[in-house]
Amino acid sequence: MGSVPPIFDAHLHIIDERFPLVPNAGYLPLPFTAEDYLARARDLGVTAGAVVSGSFQAFDQSYLIDALNRLGAGFVGVTQLPSTAADHEIRVLDDAGVRAVRLNLYRGGSETVEHLERTALRVHDLAGWHVELYVDLADAPQLAGTLERLPRVSIDHLGMSTRGLPHLLRLVEHGVRVKATGFSRGDLDVPQALQAICDVDPHALMFGTDLPSTRAQRPFTQADLDLVNACLPASQARRVLYTNAVHWYRPAGF
């Protein structure tokens, strides 16, 4: 792996049946443990990453802390929290390596949009965290004003849709970050979207495998990684694959 450039995987899921799983619209994912992930990611050049809580994990924190311990240095967590979470719980999670809170507005399982602004400001003030949104911006353009006011925000899966891309690009102008993940989840022309986001802000885009690609039309493949390298200049591709996410997530030791 020595000649493979390093990758910060900004979006991955760990699914461990030893911890609580909650069916989402009747769906439960297959297991994908920390060991499964490391075996898959090693040859890609992944050296660090962000473990993201899914709808089927609701507000469970036990799986996430365990996963971070198993994955090791450089990996951080993105959790889902109820708006009633105590300050000390947020600080404990921060000490464990959590760096963000996620609102899954697309599939549910997280806190609702009504608590978005208060939650985002609170976790930022307490721990410097950002808020991540799984949302199709075409269905929620009214969120733009709120998101522009928040201190640190990222959007999952390129914002999901072609209709949502103009809203996404306006948010990028205001400092919002975007995950280059889940290329099959929406109807976007992915190379065009990647280039458009980088043209607005070269620091905005962060690549993630989205492994194990639960409920995606197709799972992540090496071709997704090759696409990033093919459609962006080498210096920009390195930012997307590594540098931008390292600066955004601030993993310990990096």
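D94 places a side-chain heavy atom less than 4.5 Å from the side chain of W129.
In this structure, the side-chain contact (heavy atoms from CB on, under 4.5 Å) partners of R70, at least two apart in sequence or on a different chain, are R18, A34, E35, D66. By the ring pair (Phe, Tyr, Trp, His ring centres under 6.0 Å) test, F8 pairs with Y249, sequence neighbours left out. Residues satisfying the side chain to side chain donor-acceptor pair (under 3.5 Å) criterion with Q222, sequence neighbours excluded, are D226. Partners of P31 by side-chain contact (heavy atoms from CB on, under 4.5 Å), not counting sequence neighbours, listed by chain and number: E17. Residues that satisfy the ring pair (Phe, Tyr, Trp, His ring centres under 6.0 Å) test with H167, not counting sequence neighbours, are absent from this structure.
For CZ of R163, the number of neighbouring non-hydrogen atoms (other residues, nucleotides, ligands) closer than 6.0 Å is 12 at most.
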For residues 192-207, which side-chain donor-acceptor pairs fall under 3.5 Å, sequence neighbours excluded?
from: Q195; atom 1: NE2; to: C231; atom 2: O; distance (Å): 3.1
from: D201; atom 1: OD1; to: H203; atom 2: N; distance (Å): 2.9

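Taking 4.0 Å as the cut-off between side-chain N and carboxylate O, R170 and E148 do not count as a salt-bridged pair. Electrostatic pairing of R218 and D224 counts as a salt bridge here, judged by a charged N lying under 4.0 Å from a carboxylate O.
Annotation: cation-pi pair R152/W248 present, NZ/CZ under 6.0 Å from the ring centroid and within 45° of its normal.
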Given side chain to side chain contact (heavy atoms under 4.5 Å, CB included), test H13 with V51 step by step and report yes or no.
CA-CA 5 Å; H13 299 286; V51 182; over 6 Å; no
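How far CG of L126 is from CZ of R91: 5.0 Å, rounded to the nearest 0.5 Å.
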